Peer 1: 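The structure's right below; bear with me while I get my questions together.
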Amino acid sequence: MSAESRFIFLYVTPPPPPRPPPAPGSAGRGAAPPAGRPPRRGRSVSPKGHSGWTPWLYLLPALVLLAGLLVYPIYQLGLISFLEYTQAQVSGGEPTTFKGFDNYATLFNDSQFWQVLLATVLFAAACVVSTLVVGCAMAVLLTRIRALPRLALMMAALGAWATPAITGSTVWVFLFDPDFGPVNKVLGLGDFSWTYGRYSAFALVLLEVLWCSFPFVMVTVYAGIRAIPTEVLEAASLDGASQWRIWRTIMAPMLKPILIVVTIQSIIWDFKVFTQIYVMTNGGGIAGQNLVLNVYAYQKAFASSQYSLGSAIGVVMLVILLAVTLVYLRLVRRQGEEL
């Protein structure tokens with residue numbers, strides 16, 4: 001072909017049609033690999049060249065520690081709850097036998113167990129609500145006072161939080177003592193015994209639990225409030241919104257993830273209260289009127305040497321706490337909140 005014919009052919013031949021753009025999402029999972037490069041198989045590799053197992057290698061020491069501190073004790077707790085395990089088996093006088101669900105049947109047929117369970121649920125609910133209300137109110141108060149009073153309040157609250165439970169319980173028993181306590185003298189109650197009646201004893205323990213628990217809620221919620229943009233709160237104040245409405249419509253929705261965390265923590269802590277009840281009511285009150293599940297399990301396991309029944313109560317408590325936590329998280333996720 002001559003040069004002139006080649007020029008005429010190139011001039012007359014139309015250019016190839018443009019290639020259509022790829023459909024949305026086609027560059028992802030269904031896209032063909034680039035030419036000359038085989039498709040990748042096997043384990044995924046991050047853009048920086050790290051394997052997908054790298055984060056788990058960093059977490060491995062913590063996971064091993066948690067397995068030793070949590071998984072194995074829970075396994076032993078569940079195992080003992082299915083055995084005949086009393087003082088005779090501990091001392092080696094009788095062999096350990098497998099009883100299946102007989103311990104749980106004995107526990108569920110005991111009317112005292114259901115009474116203690118109901119008292120535990122009601123007491124824990126009162127403690128959780130009181131802790132959240134007082135903690136959130138104190139957190140809002142911290143944002144309204146000056147630096148020096150705020151520092152003094154936080155130091156006092158953190159001191160109460162850091163006080164061991166047995167120390168705080170002993171101090172509260174002394175404060176409300178009918179003979180030497182200053183509270184009865186100030187209120188003019190004479191020799192009124194707070195630990196004699198069932199409801200007054202529960203109220204006294206509730207006050208002590210509230211005293212040592214609200215600082216956690218206060219500090220956590222206060223940190224969340226400080227993260228809220230001040231422009232939002234100032235705009236609401238200029239629009240004439242009251243403090244309660246600002247909290248209900250602005251602060252609470254923005255603090256929802258934090259409130260979820262402190263609520264779940266409070267449920268777990270208050271549901272398994274032991275030291276305060278045991279110290280302040282002398283082991284559960286008169287005729288066991290102030291028993292909660294933790295103290296009830298202690299009495300069954302160590303006072304009566306029925307270790308299998310005590311383990312069964314512990315398993316029931318674990319299942320209840322897991323169920324409450326999962327249900328609460330499911331309700332929150334249904335409302336569209338990402339945790």
Side-chain angles (χ1 to χ4, degrees), residues 59 62 66 69-70 123-165 167-169 172 205-234 236-237 241-276 320-339:
L59 293 174
L66 288 176
L69 295 177
L70 295 177
F123 175 74
C127 290
V128 170
V129 173
S130 303
T131 303
L132 292 177
V133 170
V134 175
C136 293
M138 298 299 290
V140 175
L141 178 63
L142 289 177
T143 63
R144 300 297 174 183
I145 59 179
R146 296 182 180 274
L148 188 58
R150 179 169 60 246
L151 178 61
L153 179 58
M154 291 191 68
M155 293 300 295
L158 292 177
W161 188 22
T163 302
T167 304
S169 302
W172 275 74
V205 177
L206 186 148
L207 291 176
E208 200 280 333
V209 172
L210 173 62
W211 174 73
C212 65
S213 300
F214 86 88
F216 169 74
V217 179
M218 181 191 72
V219 173
T220 308
V221 175
Y222 174 71
I225 292 176
R226 299 298 294 179
I228 298 176
T230 56
E231 296 82 3
V232 178
L233 303 178
E234 292 176 355
S237 299
S242 62
Q243 294 299 324
W244 167 245
R245 186 163 186 179
I246 291 175
W247 166 262
R248 183 172 55 88
T249 60
I250 297 177
M251 290 185 178
M254 298 183 72
L255 296 174
K256 196 171 186 179
I258 295 178
L259 294 177
I260 291 171
V261 172
V262 297
T263 300
I264 294 177
Q265 290 279 6
S266 299
I267 291 174
I268 294 174
W269 289 343
D270 296 338
F271 192 83
K272 60 184 186 66
V273 167
F274 174 81
T275 305
Q276 292 87 342
I320 292 174
L321 289 176
L322 287 177
V324 170
T325 304
L326 292 177
V327 170
Y328 190 78
L329 293 177
R330 186 176 181 85
L331 291 176
V332 171
R333 288 186 178 274
R334 283 183 178 179
Q335 298 175 1
E337 181 69 31
E338 293 293 336
L339 297 180

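This is a predicted model, so every value here is computed, not measured.
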Peer 1: Assess whether side chain to side chain contact (heavy atoms under 4.5 Å, CB included) is satisfied between V261 and T220, documenting all intermediate values.
Peer 2: CA-CA 9 Å; V261 172; T220 308; 5.9 Å; no
Peer 1: Measuring from atom OG of S213 to atom CG of L206, what distance do you get when rounded to the nearest 0.5 angstrom?
Peer 2: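 One finds 9.5 Å between OG of S213 and CG of L206.
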Peer 1: Donor-acceptor pairs are to be reported for all side-chain atoms of residues 143-165 against protein atoms at under 3.5 Å, with residues two or more places apart or in another chain.
Peer 2:
unit_1, atom_1, unit_2, atom_2, d
T143, OG1, V140, O, 2.5
R144, NH2, Q243, OE1, 2.6
R150, NE, Y222, OH, 3.4
R150, NH1, L142, O, 3.4
R150, NH1, I145, O, 2.9
T163, OG1, G159, O, 2.7

Peer 1: Nearest heavy-atom pair of A236 and I250: which atoms, and what distance?
Peer 2: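 Closest approach of A236 to I250, heavy atoms only: CB-CD1, 3.4 Å.
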Peer 1: Within this structure, what is the CE-CD1 distance for the pair M218 and I225, rounded to the nearest 0.5 Å?
Peer 2: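 It is 11.0 Å, given to the nearest 0.5 Å.
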Peer 1: Measuring only between side-chain heavy atoms, which start at C-beta, is K256 closer than 4.5 Å to I260?
Peer 2: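 Side-chain contact under 4.5 Å: yes.
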Peer 1: Just to verify, what does F271 make a ring-ring contact (aromatic ring centres under 6.0 Å, His included) with, not counting sequence neighbours?
Peer 2: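 Here no residue qualifies.
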Peer 1: Using side-chain heavy atoms (C-beta onward) and a distance below 4.5 Å, is V273 in contact with C127?
Peer 2: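 No, their side chains stay 4.5 Å or more apart.
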Peer 1: For a side chain to side chain contact (heavy atoms under 4.5 Å, CB included) check, start with the C-alpha distance between C136 and M251, then their side-chain angles and the critical distance, and finish with the verdict.
Peer 2: CA-CA 11 Å; C136 293; M251 290 185 178; over 6 Å; no
Peer 1: Tell me the closest heavy-atom pair linking L255 and G224, and the distance in Å.
Peer 2: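 Nearest heavy atoms, L255 then G224: CD2-C, 3.3 Å.
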Peer 1: Rounded to the nearest 0.5 Å, how far apart are CD of E208 and OG1 of T275?
Peer 2: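 The OG1 atom of T275 is 9.0 Å from CD of E208, to the nearest 0.5 Å.
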Peer 1: Measuring from atom CD of Q276 to atom CZ of F123, what distance do you get when rounded to the nearest 0.5 angstrom?
Peer 2: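 Between atom CD of Q276 and atom CZ of F123 there are 7.5 Å.
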Peer 1: Using the side chain to side chain contact (heavy atoms under 4.5 Å, CB included) criterion, which residues pair with S242? Sequence neighbours excluded.
Peer 2: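 With neighbours one apart ignored, the set is W244, R245.
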Peer 1: How would you list, by chain and number, every residue that makes a side chain to side chain contact (heavy atoms under 4.5 Å, CB included) with T325, sequence neighbours excluded?
Peer 2: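 Listed in chain order: I264, L329.
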Peer 1: Could you state the interatomic distance from OG (S130) to CG (L207), rounded to the nearest 0.5 Å?
Peer 2: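 So the gap between those two atoms works out to 8.5 Å.
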Peer 1: Does CZ in R226 sit with more than 12 non-hydrogen atoms of other residues, nucleotides or ligands closer than 6.0 Å?
Peer 2: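 12 or below, so no.
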Peer 1: Is there any side-chain hydrogen bond (donor to acceptor under 3.5 Å, both in side chains) pair reaching into residues 259-269, and which pairs are they, with sequence neighbours excluded?
Peer 2: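 Sorted pair list comes back empty.
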Peer 1: Taking only residues two or more places apart in sequence, or in another chain, which ones meet V133 in a side chain to side chain contact (heavy atoms under 4.5 Å, CB included)?
Peer 2: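 Per chain and number, V133 pairs via side chain to side chain contact (heavy atoms under 4.5 Å, CB included) with V129.
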Peer 1: Just verifying a value: how many Å separate R248 CZ and I246 CD1, rounded to the nearest 0.5 Å?
Peer 2: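 Nearest 0.5 Å value for the CZ-CD1 distance: 11.5 Å.
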